[in-house]
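Here's the structure we're looking at; comments come further down.
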Amino acid sequence: MRRAWKITQALLSVYYAYMLEYRAELLLWALSGSLPLILMGVWIQAAQGGQLSLSPIDFVRYFLAVFIVRQITVVWVIWEFEKEVVEGKLSPRLLQPLDPVWHHVTAHVSERLARLPFVGGLIILFFLLYPQAAWIPPVSNILLFSLATAIAFALRFLIQHTFALFAFWIERASAIEQFWFLLYLFLSGLVAPLEMFPPAVRNVVLWTPFPYMVHFPASLLVGLPVNFGQGCLVMAGWGLLFLGLNRWLWRQGLKQYSGMGA
Amino acid sequence: MKKEERIKEKGIQRYGRVLRLFWGTAIAAEMEYRLNFVLSAFTSLGNLIGSLFGLFLFYRTDYTFEGWSWDEALVVLGVFTVLQGFSSTFLGPNLNHIVQHVQQGTLDFVLLKPINSQFWLSTRTISPWGLPDILFGCLVIGYAGRRLGIEAPAYFLGAVPLCFGFISLYSLWFMLGATSIWFVKIYNVTEVLRGLLEAGRYPMVAYPVAYRFFFTFIVPVAFLTTIPSEALLGRVELVWLLGAGLLALALFLVSRMFWQFALRFYTSASS
């Protein structure tokens, strides 16, 4: 236990230092997630007619929450892992008495810490521009939101890492992620709150993992009604499925792996 | 006079020949990955279906973008898809390489070639993976155009501002790429631009006034998709067409000057 803690601490501080090397890049990454803010504009305009079930202020808060969730749950492990496998950089890591995945996990977590000040700054700027949208959610909602976002990040990381493992067999595993990302983009509530979907589509989508990565935590933060029980159940189901697949692919992949020095 | 003309023409011919060589080799190299082409066609199709779904979410209630029927809004979406395809075929592969050249110091070799360095950097390669997007975009425009009863000449009128849009987009992208002379590692500056371009999915009237101002005068997304669509629908005012042309010309010239200016700050890998 103490050993695990020490390893975590060491990895986190190393990767945090790495991230600080390219601060300008971090800011640009934060800015490149501006899609929710653009779509916010279209939906505000649409809601001004008053025919939609949400008001303009609801849309502003919803999309701001989406922006925050996106900042916290961004994952890119597949591109790094693909490179490691193709270039044989995985080999030295396999010699360490530690599953190589932890390098990626800690790199992602410490990047979040480095990104936090920028995101905070952007949110403050946003409320200066849009003071009537400012709101303080109840503490219970903030706690639930934090929990749901953490799970959303874990789920997204797990799924992408599972796809990344296909790099052992095909060179371009990131093509899988690119296709998956489309589903994520249009079904997660990123382009529109799920409340705007036709009910039939919505009921199907709620059983897929996508809405729980964006819509579910965002709704908790802004106080839109969600079915918490069903959410936890669906996330747990998909999480277990991908965890099993992930471990199995990892074992099979290592047998297959023939990078430099393996 | 005559001799000068001959030299000039020879120059253009030379650039044409170089271009054919560049693109021939690029396509030959990419043809090794035919499976990727199938995958990217699938991805384009998925992207198109998703975009249609996104638009449908607005129109499924009685709401319409002010003055844009469903078919007219489809035209904008089609133009946007073509633009996406254009940038992933021509702009992405070339201009993201500028960063790499600067980072690895290989820009020296480009500068030593007896050819305009901006031309070399901008046209060195093409990637056929964007072609499905161009195709699907044209299909959407054609489908919507037939339902709206658009005549052939209108398509030509629409193509003019679209070409201006290509030039403007190229110039902006190139200038952002050129800033890597100072900042070195800026792969994601172009990501920021790409993110902002997403605003072109919908006609400008779909946005609140502040957004419209930003996307017309700060980042000219309006000139990339809304104005070509309006021209195609035959309801653009001449002044906007002229504006699109002037903007393209101005941005292009600025990009050339900016590149010359940036090169003054380039200290090569060995000096």
Side-chain angles (χ1 to χ4, degrees), chain A residues 21-22 24-53 56 59-60 70 129-130 170-172 174-199 201-202 205, chain B residues 33 35-40 42-66 129 176 179 182-212 214-215 219 221:
Chain A
E21 221 182 317
Y22 295 106
E25 200 179 27
L26 276 179
L27 176 65
L28 290 173
W29 273 133
L31 282 178
S32 67
S34 59
L35 183 63
L37 301 182
I38 293 173
L39 287 159
M40 175 197 287
V42 195
W43 282 106
I44 295 174
Q45 187 76 2
Q48 254 147 22
Q51 296 155 333
L52 303 179
S53 55
F59 278 110
V60 173
R70 282 275 290 145
L129 290 172
Y130 243 125
I170 53 176
E171 236 175 79
R172 286 254 162 269
S174 53
I176 307 174
E177 167 65 18
Q178 265 156 14
F179 193 78
W180 180 263
F181 183 79
L182 283 176
L183 295 172
Y184 169 80
L185 185 65
F186 294 111
L187 299 182
S188 66
L190 192 70
V191 296
L194 252 57
E195 283 74 14
M196 295 296 121
F197 285 23
V201 178
R202 197 180 158 197
V205 169
Chain B
Y33 306 93
L35 184 66
N36 267 9
F37 191 73
V38 177
L39 275 178
S40 76
F42 252 117
T43 309
S44 295
L45 188 65
N47 192 20
L48 183 70
I49 294 172
S51 300
L52 289 173
F53 176 65
L55 189 62
F56 163 74
L57 289 181
F58 290 97
Y59 279 81
R60 92 189 173 84
T61 56
D62 286 335
Y63 178 72
T64 52
F65 300 143
E66 208 183 320
W129 313 142
L176 283 177
T179 53
W182 291 281
F183 305 130
V184 184
K185 192 167 173 246
I186 46 137
Y187 287 102
N188 30 38
V189 165
T190 50
E191 282 306 309
V192 177
L193 180 66
R194 208 198 290 260
L196 292 176
L197 289 181
E198 291 283 336
R201 277 173 188 279
Y202 306 117
M204 273 304 126
V205 287
Y207 293 92
V209 179
Y211 278 69
R212 274 183 235 175
F214 182 81
F215 286 122
V219 183
V221 177

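Every heavy atom of this structure was used, including side-chain atoms; hydrogens, water molecules and symmetry mates were not. As the structure is a prediction and not an experimental result, all values here were calculated from the model. In the text below, chain A, chain B and the rest are named by the order of the sequence lines, each starting its count at 1.
Pairing each heavy atom of A:Pro198 with each of B:Phe56, the nearest pair is CG-CE2, 3.8 Å. Across A:Gln45 and B:Pro208, no two heavy atoms sit closer than the pair OE1-CA, 3.4 Å. Taking all atoms of both residues into account, the shortest heavy-atom contact from A:Ile38 to B:Gly195 is CD1-O, 3.3 Å. What you find for A:Leu182 and B:Thr43 is that their closest heavy atoms are CD1-O, 3.2 Å.
Using the six-membered ring where Trp is involved, A:Phe197 and B:Phe53 have ring planes that are perpendicular, over 60° apart on the 30 and 60° scheme.
Rounding to the nearest 0.5 angstrom, the gap separating the CZ atom in B:Arg194 from the CG atom in A:Leu35 is 13.0 Å.
The part of B:Phe215 that comes within reach of chain A is its side chain, from C-beta onward, which places non-hydrogen atoms under 4.5 angstrom from that chain. For A:Phe181, no part lies under 4.5 angstrom from a heavy atom of chain B. Interface remark: B:Tyr211 contributes side-chain atoms only to the contact with chain A (heavy atom separation under 4.5 Å). Contacts of B:Tyr202 with chain A are made by side-chain atoms alone, with heavy-atom separations under 4.5 Å and no backbone atom involved. B:Leu193 does not touch chain A: none of its heavy atoms, backbone or side chain, sits under 4.5 Å away. For A:Leu39, the part lying near chain B is the side chain, with the backbone staying farther off; criterion is any non-hydrogen pair under 4.5 Å. Residue contact with chain A, scored on non-hydrogen atoms closer than 4.5 Å, is absent for B:Ser40. For B:Leu57, the parts lying under 4.5 angstrom from a heavy atom of chain A are both the backbone and the side chain.
Crowding of B:Tyr63 atom OH: a count of heavy atoms from other residues, nucleotides or ligands under 6.0 Å exceeding 12.
Contact check for B:Ile49 versus A:Phe186: no side-chain heavy atoms found under the 4.5 Å cut-off.
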Item to check | Trace of the side-chain contact (heavy atoms from CB on, under 4.5 Å) decision for A:Phe179 with B:Leu39 | outcome: CA-CA 9 Å; A:Phe179 193 78; B:Leu39 275 178; over 6 Å; no
